[in-house]
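These notes concern the structure reproduced below.
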Amino acid sequence: TSIESPSRLLLKVLDRRGPCRFEDMTREVTDEEFVKTRLDDLVKYHCVTFDGGTYRLSARGRRIAGGLQVYQKILQQEKGG
């Protein structure tokens, strides 16, 4: 069993679903404060953009999410690991 990085989880959700509102993100991750804190960090580091209502992966966030998928495949990890 492996534990998913909080930021990685949110990047994967945005990569899979596309633009999401905060409420959509909390359906994917049930701890609202956890989601808010991590999304604020991802915005701060330019991995995610926020337009006042919707979060989107930035170009940097897409590169990171894609790199994580490649890394996961190289290590032959199952989803969530």
Side-chain angles (χ1 to χ4, degrees):
T1 303
S2 59
I3 298 173
E4 184 84 56
S5 154
S7 296
R8 181 177 174 195
L9 175 61
L10 292 172
L11 287 172
K12 285 171 57 177
V13 168
L14 285 168
D15 188 45
R16 184 179 76 246
R17 291 189 55 169
C20 291
R21 297 180 54 80
F22 180 77
E23 295 78 15
D24 300 327
M25 298 297 288
T26 59
R27 285 188 203 110
E28 297 281 339
V29 182
T30 57
D31 183 347
E32 188 173 314
E33 186 58 34
F34 162 88
V35 173
K36 177 73 173 123
T37 301
R38 292 304 180 261
L39 284 171
D40 287 348
D41 286 345
L42 290 168
V43 169
K44 178 181 175 181
Y45 293 108
H46 308 288
C47 297
V48 170
T49 62
F50 179 61
D51 67 8
T54 303
Y55 292 89
R56 297 181 188 335
L57 276 178
S58 66
R60 177 185 176 129
R62 278 190 290 282
R63 285 192 305 271
I64 291 170
L68 290 171
Q69 288 178 353
V70 169
Y71 182 71
Q72 189 171 337
K73 286 178 183 179
I74 289 170
L75 295 178
Q76 298 177 344
Q77 289 182 324
E78 295 179 17
K79 289 185 177 182

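Worth knowing before you read on, the calculation uses all heavy atoms, side chains too, and leaves out hydrogens, waters and symmetry mates.
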**Request:** In sequence, state the C-alpha distance, the side-chain angles, and the governing distance for Cys47 and Leu11, and then conclude on side chain to side chain contact (heavy atoms under 4.5 Å, CB included).
**Result:** CA-CA 8 Å; Cys47 297; Leu11 287 172; 4.2 Å; yes

**Request:** Taking the side chain as every heavy atom from C-beta outward, state whether Lys36 and Phe22 have any pair of such atoms under 4.5 Å apart.
**Result:**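 With C-beta onward as the side chain, the pair touches.
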
**Prompt:** With side chains defined as the heavy atoms from C-beta onward, is the minimum distance between Arg62 and Ile64 less than 4.5 Å?
**Reply:**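 No; the side chains remain at least 4.5 Å from each other.
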
Gap between atom [atom2] of [Y] and atom [atom1] of [X] - 0.5 Å precision:
X: Arg17; Y: Lys12; atom1: CZ; atom2: NZ; result: 15.0 Å
X: Gln69; Y: Arg8; atom1: CD; atom2: CZ; result: 9.0 Å
X: Asp40; Y: Tyr45; atom1: CG; atom2: OH; result: 11.5 Å

**Request:** Indicate yes or no for a side-chain donor-acceptor contact from Arg21 to the backbone of Tyr55 under 3.5 Å, with no hydrogens or angles considered.
**Result:**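 Checking the backbone N and O of Tyr55 against the side chain of Arg21, no donor-acceptor pair under 3.5 Å is found.
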
**Message:** Looking at every non-hydrogen atom in both residues, tell me the closest pair between Leu10 and Leu39 and how far apart they are.
**Reply:**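 Shortest heavy-atom separation between Leu10 and Leu39 comes out as CD1-N, 4.0 Å.
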
**Request:** Give the minimum heavy-atom separation between Ser58 and Val48, together with the two atoms involved.
**Result:**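 Taking every non-hydrogen atom into account, OG-N, 3.9 Å.
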
**Asked** Going by an N to O cut-off under 4.0 Å, is there a salt bridge joining Asp24 and Arg27?
**Response** yes

**Request:** State yes or no: do Phe50 and Leu14 share one hydrophobic cluster built from I, L, V, M, F, W and Y residues joined by side-chain heavy-atom distances below 4.5 Å, directly or via other members?
**Result:** yes

**Message:** Using the rule given for salt bridge (Lys or Arg N to Asp or Glu O under 4.0 Å), can you reason through Asp41 versus Lys44, listing the C-alpha separation, both sets of side-chain angles and the distance that settles it, and then say yes or no?
**Reply:** CA-CA 5 Å; Asp41 286 345; Lys44 178 181 175 181; 5.6 Å; no

